Every structure is written in structure tokens, then in C-alpha cells.
Amino acid sequence: MRLALLGCGTVGTEVVRLLHEQAADLTARVGAPLEIVGIAVRRPGRDRGDLPVDPGLFTTDALGLVKREDVDVVVEVVGGIEPARTWLVEALRAGKSVVTANKALLAEDGGTLHDAATEGGADLYYEASVAGAIPLLRPLRESLQGDTVTRVTGIVNGTTNFILSAMDATGAGFEEALEEATALGYAEADPTADVEGFDAAAKASILASLAFHTRVGAADVYREGITAVSARDVASAKQMGCTIKLLCIATRALDQDGKASVSVRVHPAMIPTSHPLASVGDAFNAVFVEAEAAGQLMFYGRGAGGAPTASAVLGDIVAVARNRLAGTRAASESNYADLPIRPMGEAVTRYHVSLDVADRAGVLATVAGIFAKHDVSIATVRQSGRGDDAVLVIVTHGAPDAALAATVEELRGLEFVRAIASVLRVEF
Ligand SMILES: NC(=O)C1=CN([C@@H]2O[C@H](COP(=O)(O)OP(=O)(O)OC[C@H]3O[C@@H](n4cnc5c(N)ncnc54)[C@H](O)[C@@H]3O)[C@@H](O)[C@H]2O)C=CC1
Ligand SMILES: N[C@@H](CC=O)C(=O)O
Ligand code: NA
């Protein structure tokens, strides 16, 4: 089996290492040796230390490598939309199997890749694209095909989990924690993708597409990152016995007429420290899948980093290589359900709102009146401080997100509200 490797960075170098170190076992498992015939990179002359690979394999001509007739499997660990899409479409249409870790591309235009795979009769595997090493896509794509998945919830971005865990545990600053996560190989080439929630949203779209048999694109996912989460939010969460996590929440719901729709969102949320997701620290990921017959399933492990991600890539390489040797391919994309996307405004959420207010008679009544006007029921109210230091913390019951957002907007305009110190959703 001849492999073309596109990219040799954090993940690619570990793919090379694992292919070399486990060559004998992999040959036995596949039934044929796996041989890298070329590696496309930006800088072929770069010093790669003791990487066990022939320097003559490096090239800058990725497309030329993909088009080589002797290539059976294209492994893409470069990232980004273009030129990766062009390479992979070329490979798939020519009947070459593709293994990719590129969640950004799958979320942006997975349909084009799946269509090219069908056209070329080729395999398209992408286990590494969501939750790194954790076997999650294969269970959704294969093991749960006899069930109806209703909800997928979890932590799917290692970088932001690393940052939030550090802020919570040691009071570390945002920038300092991000630098460490980048040095450890967790962050994307542009870490904005991590901290602004784009990476988690891409993964949410892939999970929802597989779980609900519907093409869910990046644009269908409501997204908020963690850049607005402050030390004060973290302290406020602690006071309530909670911690803050960047959550991915994808649900399949039925309306009053029994019609199903899909809602997919990524945003930071306060969760109770007693919830299993609260103890997911460092760059670990954890995902709960709920299905009608199976009930609740939990997947946990390393969601980022070179070696863990390479483990998932290698698993896919073995799978597609076996298929090729057997002259078969995996089932095509399943998108028959084609469910509509429910807007974020209709999702039922709970808010934690912290207001800096003037401590005067009537303030609480006015604030409560605004919640009532938008039909948002208050669960708890707590006031601390006095005079200019008064802080009002309100936690709501579940309400449509649009009603909660409108409530906060109206509170912002009140003369006695000096600042809205934090607005966070509360889950579980
Ligand atoms: N680092 C991680 O923990 C994880 C990364 N991924 C995904 O894996 C992919 C690779 O990520 P990393 O290895 O972290 O990235 P990286 O930035 O460390 O490596 C990228 C590689 O692609 C090469 N490259 C970039 N543009 C190229 C071009 N035009 N032609 C040829 N080669 C080019 C670079 O030379 C480098 O070797 C991305 O899609 C990323 O989202 C997925 C899961 C985890
Ligand atoms: N940047 C990503 C890498 C894995 O997908 C993350 O931090 O989770
Ligand atoms: Na995975």
C-alpha cells in the first residue's frame, strides 16, 4: 500500500514515526506493507531531527504527488480549506482512498468530499478530525447505525479546555495558558480557530452530520468562543459551585407536530463541578452520546496533540488499506434524513447574569419585571456588596435563547445598571 503524506507538522511527524516504529505489526494487520512514497510540505529542506524518513521523499508539489499513479492512499494532515480541498477531490475522484484530520474542510465543504468519494468509489475516513485519539466517529458511523441518536454533548477542543482548566485551577492568565497550549502542539496553526470556537464548531458540525444523518455545515452551528470569559466569570462560577467549559451541544428534537429538527451550538457554559464534564481537564476531550435504545454513552481521551491524533490517523490508514486489499469500500455518507436546522433563538437555555448595579430601592423589582416581560422565569437571585459595589447575580430557568438575549439587551439600557459583568449560559 503506497501512501502520499500531505503535511509533516505536529501530526504528520507522528504519523511518520508510528508508521516506522510499528511497520512489522502494521504489515501483519493490513496484509501488505505500508510505504510512504512522498511527503508534501512547505519547506522540504527543513531540519527534521531524527525523523526516520528518507529526505528525498519531501516535495512542495502536493498536487503532483496526489496525481501519481502509484499512490493508493492520500493522508492529509495540512489543514485549511484550499488547497487541501483540491488535492482531496482529485484523489477521491481518481479512486484513491483518503484519510484526513481536516475538520475545517469537512465542516466547510464535506459534501464535496463525500460526493467525490462516491464518484470515485473511494474511501473517505476522518476519525482524527474530531476529538483526536478518541474513537468517536467510527462508533457513530458504524456501531450506532441501528439506533436513533438524540443528543451529542461534550468538550471537543483541547486548547480551550487547557486554557479554561488553567484559569480555573491556578488563576493563570488567558494569554499565558494559550502560549503553553500552542507550545504543546494542541492549538491550530491560527489559534483564533480554537479560542473563537471555530474549531469546536467544525467538530460539532461533523458530529451532528453523522449523528443525525443530515449534512450540517459550519454555518449551521451557533458559535461563541472563550475570549470574553474573564477571571471574574471564573470566580463567579466557583461561587456557584460551577466551572466554565466550552461545550458542543447537538440535539435532535421533535416539534409539536412530531417533526424532527437539529440544533447545534458551541459556547462557553457554567456547569456544576459535580458533573462528569467538569473534571475533564488539560487538553482532554469528553463526549456524551445519547441514543434511544443505547441510552447514554461516554467517550473520553486525548483530543489534541501529535501522537494521539496520529493514532486515529493510523487507525484509518489500516482500515482503508484493508478495504483496498479486499477490493471493497466503506458505506457512503448517510444524509438521507436531511433534517432542518433549528435557529439558536429557539434553543432552550439558562442564563447566569451578573449586574453591577446602584443599590437603591426598586432596582430588584425593575430587573425582575424585565425578566417577566420576556417570559423568562428567575431561578435564583443573589445580591452582594452595597452602595456603588452592589452586584446582582440572577440565574434563570430554561427559556428560548432569543428571549434571554432580549432580556439582557433591555437590562443593558437601564440607568442604574453600571455594567453587565457577565452573561453565561448554564447547562446541566
Ligand atoms: N495538532 C493537533 O492536535 C490536531 C490537528 N488536527 C488537524 O490536523 C491537521 C494538521 O495539523 P498540525 O499537524 O497541527 O499542523 P502543522 O501546522 O503543525 O503542520 C502542517 C503541515 O502542513 C504543511 N503545509 C502547509 N501548507 C502546505 C502546502 N500548501 N503544501 C504542502 N504542505 C503544506 C506544513 O509544511 C506542515 O508540515 C490540521 O487539519 C489540524 O486541524 C486534528 C486533530 C488534532
Ligand atoms: N486545536 C485542536 C486540535 C485538535 O483537534 C484542539 O485544541 O482541540
Ligand atoms: Na477521534
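Position 1 is the first residue of the sequence, and the numbers go up from there. Both counts, for ligands and for their atoms, begin at 1 and track the order of listing. The shown structure was predicted, so the numbers you read here are calculated from the model rather than taken from an experiment.
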Revision key, fill the gap. Heavy-atom nearest pair, Val71 first then Leu65, reads CG2-O, 3.6 Å
Review point. Is any side-chain N of the basic residue among Asp257 and Lys259 closer than 4.0 Å to the acidic one's carboxylate O?
Key: no
Practice item. Answer with yes or no whether the side chains of His374 and Glu410 bring together a donor and an acceptor at under 3.5 Å. Key: yes
Practice item. Check Lys238 against Asp168 and note the closest heavy-atom contact, atom names and distance. Key: NZ-O, 2.7 Å
**Study point:** Glu127 with Arg141: basic N within carboxylate O range, under 4.0 Å
**Key:** no
Check your understanding: What is the nearest protein non-hydrogen atom to atom 35 (O) of ligand 1, stated with its residue, atom name and distance?
Key -> Arg42 N, 3.1 Å
Check your understanding: Which protein non-hydrogen atom lies closest to atom 1 (N) of ligand 1, naming both residue and atom, and how far is it?
Key -> Gly185 O, 3.2 Å
Practice item. Check whether any N or O atom of Cys8, backbone or side chain, sits under 3.5 Å from an N or O atom of ligand 1, and answer yes or no. Key: yes
Check your understanding: So which protein heavy atom does atom 7 (O) of ligand 2 come closest to, and at what separation?
Key -> Thr159 OG1, 2.6 Å
Compile the donor-acceptor pairs under 3.5 Å between side chains in residues 45-52 and protein atoms, sequence neighbours left out, one pair per line.
{"from": "Asp47", "atom 1": "OD1", "to": "Gly49", "atom 2": "N", "distance (Å)": "3.0"}
{"from": "Arg48", "atom 1": "NH1", "to": "Cys8", "atom 2": "O", "distance (Å)": "3.4"}
{"from": "Arg48", "atom 1": "NH2", "to": "Arg43", "atom 2": "O", "distance (Å)": "2.8"}

Practice item. Determine, considering heavy atoms only, which of Asp61, Leu5, Val11, Thr159 sits nearest to atom 5 (C) of ligand 1. Key: Val11
Check your understanding: With under 30° as parallel and over 60° as perpendicular, where do the rings of Tyr300 and Phe284 fit, or are they tilted in between?
Key -> parallel
**Study point:** Mutual orientation of the aromatic rings belonging to Phe428 and His275 [parallel < 30°, tilted 30-60°, perpendicular > 60°]
**Key:** parallel
Review point. Short list, please: which atoms of ligand 2 are under 4.0 Å from a heavy atom of Lys103?
Key: 2 (C), 3 (C), 4 (C), 5 (O)
Exercise for review: Please confirm if an N, O or S atom belonging to Val130, backbone or side chain, lies less than 3.0 Å from the Na ion (ligand 3).
Suggested key: yes
Review point. With the threshold set at 4.0 Å, does a side-chain nitrogen-carboxylate oxygen contact exist between Arg215 and Asp220?
Key: no
Check your understanding: Would you find more than 12 non-hydrogen atoms of other residues, nucleotides or ligands less than 6.0 Å from Gln296 atom CD?
Key -> yes
Practice item. Supply the atom-to-atom distance Thr214 OG1 to Arg252 CZ, rounded to the nearest 0.5 angstrom. Key: 8.5 Å
Review point. Hey, which atoms in ligand 2 end up nearer than 4.0 Å to a heavy atom of Asn157?
Key: 2 (C), 6 (C), 7 (O), 8 (O)
Review point. Can you list the ligand 2 atoms lying under 4.0 Å from a non-hydrogen atom of Lys203?
Key: 2 (C), 4 (C), 5 (O), 6 (C), 8 (O)
Review point. Cut-off 3.5 Å, side chains only: do Thr59 and Asp61 have a donor facing an acceptor?
Key: no
Practice item. For Pro33 and Thr27, work out which heavy atoms get closest and say how close. Key: CA-OG1, 3.5 Å
Study note, to complete from the structure: Rounded to the nearest 0.5 Å, the CG atom of Asn157 sits from the NZ atom of Lys245 at a distance of 11.5 Å
Check your understanding: What are the atoms of ligand 2, with element, lying closer than 4.0 Å to any heavy atom of Tyr186?
Key -> 1 (N), 2 (C), 3 (C), 6 (C), 7 (O)
Practice item. Identify the protein heavy atom lying closest to atom 17 (O) of ligand 1, giving its residue, its atom name and the separation to 0.1 Å. Key: Ala189 CB, 4.4 Å
**Study point:** Contacting atoms of ligand 1, where contact means under 4.0 angstrom from a heavy atom of Ala40
**Key:** 31 (C), 32 (N)
**Study point:** Cationic tip of Arg223 above Phe198 ring, under 6.0 Å, 45° of axis
**Key:** yes
Exercise for review: May I ask you to identify the nearest protein heavy atom to atom 28 (C) of ligand 1, giving residue, atom name and distance to one decimal place in Å?
Suggested key: Trp87 CH2, 3.8 Å
Check your understanding: Between Arg29 and Gln22, is any side-chain donor less than 3.5 angstrom from a side-chain acceptor?
Key -> no
Study note, to complete from the structure: OE2 (Glu127) to the Na ion (ligand 3) to O (Ile134), nearest 10°, is 70°
Point to revise | Check: Ala187 N/O within less than 3.5 Å of ligand 2 N/O | key: no
Check your understanding: Of all the atoms in ligand 1, which lie at a distance below 4.0 Å from a heavy atom belonging to Ala128?
Key -> 42 (C), 43 (C)
Exercise for review: Could you tell me whether the side chain of Asn161 and the main chain of Ala283 form a donor-acceptor pair under 3.5 Å?
Suggested key: no
**Study point:** Closest contact, heavy atoms only, Ala260 versus Pro340
**Key:** O-CD, 3.5 Å
Check your understanding: Which residue holds the protein heavy atom closest to atom 25 (C) of ligand 1, what is that atom called, and what is the gap in Å?
Key -> Val78 CG1, 3.5 Å
Review point. Which residue supplies the protein heavy atom nearest to atom 8 (O) of ligand 2, what is that atom called, and how far is it?
Key: Gly158 N, 2.6 Å
Practice item. Would you check the N or O atoms of Ser129, main chain and side chain alike, for any that come under 3.5 Å of an N or O of ligand 2? Key: no
Check your understanding: Which bit of Pro308 gets closer than 4.0 Å to ligand 1, counting heavy atoms only: side chain, backbone, both or neither?
Key -> neither
Exercise for review: Just jot down the ligand 2 atoms closer than 4.0 angstrom to any heavy atom of Asp194, in number order.
Suggested key: 1 (N), 2 (C), 6 (C), 7 (O)
Review point. Between Asn285 and ligand 2, which residue portion shows a heavy-atom distance shorter than 4.0 Å: side chain, backbone, both, or neither?
Key: neither
Check your understanding: How does Ala304 reach ligand 1, if at all, at less than 4.0 Å between non-hydrogen atoms: by side chain, backbone, both, or neither?
Key -> both
Review point. Of all the atoms in ligand 1, which lie at a distance below 4.0 Å from a heavy atom belonging to Thr309?
Key: 3 (O), 4 (C), 42 (C), 43 (C), 44 (C)
Check your understanding: With a cut-off of 3.0 Å, does Gly132 place any N/O/S atom under that distance from the Na ion (ligand 3)?
Key -> yes
Check your understanding: Going by the order shown, which atoms of ligand 1 are within less than 4.0 Å of some heavy atom of Glu188?
Key -> 40 (C), 41 (O)
Review point. Is it true that Ser129 lies under 4.0 Å from ligand 1, counting heavy atoms only?
Key: no
Review point. What protein heavy atom sits nearest atom 18 (O) of ligand 1, and how far away is it?
Key: Thr10 N, 2.9 Å
Check your understanding: Which of the atoms in ligand 2, numbered in the order shown and given with their element, are less than 4.0 Å from a heavy-atom of Glu188?
Key -> 1 (N), 2 (C), 3 (C)
Practice item. For Ala304, take its heavy atoms, then give the atoms of ligand 2 lying under 4.0 Å from any of them. Key: 3 (C), 4 (C), 6 (C), 8 (O)
Practice item. Taking only heavy atoms of Gly303 into account, list the atoms of ligand 2 that are under 4.0 Å away from them. Key: 4 (C), 5 (O)
Review point. Roughly how far, to the nearest 0.5 Å, is the CZ atom of Arg85 from the CD atom of Glu82?
Key: 4.5 Å
Revision key, fill the gap. If you compare Ala202, Gly9, Ala133 by their heavy atoms, the one closest to atom 36 (C) of ligand 1 turns out to be Gly9
Review point. Of all the non-hydrogen atoms in the protein, which one sits nearest to atom 3 (O) of ligand 1, and at what distance?
Key: Gly305 N, 2.7 Å
Check your understanding: Looking at atom 8 (O) of ligand 1, what's its closest protein heavy atom, distance included?
Key -> Ala101 CB, 3.5 Å
